[in-house]
Amino acid sequence: MGRAHSPVTPLAIAVLALLEERPMHPYEMYQTLISRQEDKLVKVRPGSLYHTVARLDDQGFVCAEGVDRAGNRPERTIYRITARGRDALRNRIAEIVRRPVPEYPMFPMALAELHNVPAPDALALLRERISLLETELADTDMRISWIEGQDIPPRYWIALPFLRTMLAAEVAWVEELATAITSGALEWEDFDSETGARTDTTIVPVSPPAPGRAAAHPTPNVSDTSN
């Protein structure tokens, strides 16, 4: 599949996928996303959903099919996906699934620099994270249990077991890290009790070059001011 269209946002993917099932008005889209627990995957707000539908309409990915009016409620425009929208949906899904791309999550970055935090504080932070992750894991289990009792085919919520697996893996890994720091198996920085500054001068070696790239010149020791 080619890349005929510009990237489609996560909420736009959700909207187009719903309209691939059947025509809907935006409020029905919102209710369906919530009932399928897809708010766990993408931030879903009525205002942002209506804005997304309007943008997809402008792009020619969806079009108004008719108007629904029930009782005294205001009219609601029903949308359907267009051939162009279907092409955009499938291309975007293919792009995301086929090739991992850096998403630059914040937690790995913080882990890389956690050694700048004194060990007792780092342990307290890690234990707080574990507690919050365990709460989120229990919530995910409850969501899965609830949705299993609904008349929703599993293919519509296969992402939830994936998220649960990732959460459980993170809990286990962070617990191992906390244990390694507590036991001393993982050496940690020493800090001056008065100034808070590091007291060691460990020089971290340069990382090996990526495959296919030439080795970089050694990084000079910036602490050497003899010249």
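If you're wondering where the values come from, they're calculated on a predicted model, not measured in any experiment. Count residues from 1 along the sequence.
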Given 3.5 Å as the limit, does a donor-acceptor pair link the side chain of [X] with the main chain of [Y], or not?
{"X": "D121", "Y": "P118", "result": "no"}
{"X": "S145", "Y": "M142", "result": "no"}
{"X": "T135", "Y": "S131", "result": "yes"}
{"X": "R76", "Y": "H25", "result": "no"}
{"X": "R84", "Y": "Q59", "result": "yes"}

Heavy atoms from other residues, nucleotides or ligands near [atom1] of [X] exceed 12 (cutoff 6.0 Å):
{"X": "E128", "atom1": "CD", "answer": "no"}
{"X": "F107", "atom1": "CZ", "answer": "yes"}
{"X": "E187", "atom1": "CD", "answer": "no"}

Please round to the nearest 0.5 Å and tell me the distance separating atom [atom1] of [X] and atom [atom2] of [Y].
{"X": "E28", "Y": "Y79", "atom1": "CD", "atom2": "OH", "value": "14.0 Å"}
{"X": "E175", "Y": "E170", "atom1": "CD", "atom2": "CD", "value": "11.0 Å"}
{"X": "K43", "Y": "T9", "atom1": "NZ", "atom2": "OG1", "value": "13.0 Å"}
{"X": "L123", "Y": "I181", "atom1": "CG", "atom2": "CD1", "value": "5.0 Å"}
{"X": "T165", "Y": "L160", "atom1": "OG1", "atom2": "CG", "value": "10.5 Å"}
{"X": "D192", "Y": "R198", "atom1": "CG", "atom2": "CZ", "value": "13.5 Å"}

Minimum side-chain heavy-atom gap [X]-[Y] below 4.5 Å:
{"X": "V67", "Y": "I78", "answer": "no"}
{"X": "D141", "Y": "R164", "answer": "yes"}
{"X": "R86", "Y": "R90", "answer": "yes"}
{"X": "Y30", "Y": "L18", "answer": "no"}
{"X": "E176", "Y": "T179", "answer": "no"}
{"X": "R143", "Y": "D39", "answer": "yes"}
{"X": "V53", "Y": "T77", "answer": "no"}
{"X": "L111", "Y": "W173", "answer": "yes"}

On a heavy-atom basis, which atom in [X] and which in [Y] lie closest, and how many Å separate them?
{"X": "D57", "Y": "C63", "value": "OD1-CA, 3.9 Å"}
{"X": "L56", "Y": "A12", "value": "CD2-CB, 4.0 Å"}
{"X": "P26", "Y": "L49", "value": "O-CD2, 3.5 Å"}
{"X": "F191", "Y": "H115", "value": "CZ-O, 3.3 Å"}
{"X": "L19", "Y": "R80", "value": "CD1-C, 4.2 Å"}
{"X": "G85", "Y": "L16", "value": "O-CD1, 4.0 Å"}

* Applying side chain to side chain contact (heavy atoms under 4.5 Å, CB included), run through R55 and V15 and close with a yes or a no. => CA-CA 11 Å; R55 184 171 55 80; V15 168; over 6 Å; no
hydrophobic_cluster_shared for [Y] and [X], side chain cutoff 4.5 Å:
{"X": "V117", "Y": "L177", "value": "yes"}
{"X": "M24", "Y": "I152", "value": "no"}
{"X": "V62", "Y": "V42", "value": "yes"}
{"X": "Y156", "Y": "V44", "value": "no"}
{"X": "I34", "Y": "L163", "value": "no"}

* I would like to know whether I13 and I96 meet side chain to side chain contact (heavy atoms under 4.5 Å, CB included); could you show each step before the answer? => CA-CA 11 Å; I13 290 175; I96 295 171; 3.8 Å; yes
* To do: Taking only Lys NZ, Arg NE, NH1 and NH2, and the carboxylate oxygens of Asp or Glu, determine whether K40 and E136 approach each other closer than 4.0 Å.
  => yes
